[in-house]
Amino acid sequence: VPYVWGGTSPSGFDCSGLVQYVCAKNGISVSRVADAQATNGTYVSRENLQPGDLVFFANGGYIHHVGIYIGNGQMIHAPQTGDVVKISSINTPYRLDRKSVV
């Protein structure tokens, strides 16, 4: 499925649109944008992540990305324009350099 800015359906997702869609399919209501989604749950540390937890990445105090943790240091997410929904590590140097909120 391609990344689409503002996308909220299987024809194209942005990161928070993917999270909102998956949550809704599982009977969970979350806000539309990543920054607001981060306030919809309870914080857990990286060490306590469980599959299904949301992982957020911030830079300069602004949450700019969200994914769904699937275990073993991996998340499913819609990364950026020109890319597709995929599984990636939450432990890349870029992501470790960002403040993560879960």
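One is the number of the first residue; the rest follow in order along the sequence.
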Hydrophobic cluster identity match, W5 and V85, side-chain contacts under 4.5 Å: no

pair Q74-S89: side-chain heavy atoms closer than 4.5 Å: yes

Rounded distance [0.5 Å steps], CE in M75 versus NZ in K86: 9.5 Å

Non-hydrogen atoms of V84 and P79 that approach each other most closely: O-CD, 3.1 Å

Over all atoms of both residues, closest heavy-atom pair of H64 and N59: CD2-N, 3.6 Å

Hphob cluster co-occupancy, V4 + V19, side-chain heavy atoms under 4.5 angstrom: no

Where A78 and F13 come nearest, the two heavy atoms and their spacing: CB-O, 3.7 Å

Donor-acceptor pairs under 3.5 Å, side chain of residues 27-37 to any protein atom, not counting sequence neighbours: which ones?
from : atom 1 : to  : atom 2 : distance (Å)
S31  : OG     : N40 : OD1    : 3.2
S31  : OG     : N40 : ND2    : 3.3
R32  : NH1    : D14 : OD1    : 3.2
R32  : NH1    : S16 : OG     : 2.7
R32  : NH2    : G6  : O      : 3.3
R32  : NH2    : D14 : OD1    : 3.2
R32  : NH2    : D14 : OD2    : 3.0
Q37  : NE2    : S16 : O      : 3.0
Q37  : NE2    : S31 : O      : 2.9

Least distance between heavy atoms, Y3 atom then T81 atom: CD2-N, 3.3 Å

Contact check, side chains of H77 and F57, non-hydrogen atoms, under 4.5 Å: no

N26, CG atom: more than 12 neighbouring heavy atoms under 6.0 Å: yes

Smallest separation among heavy atoms of I90 and Y69, with atom names: CD1-CE1, 3.9 Å

Cluster link I63 to L18, ILVMFWY, side chain under 4.5 Å: yes

Donor-acceptor contact present, side-chain D53 to main-chain Q50, <3.5 Å: yes

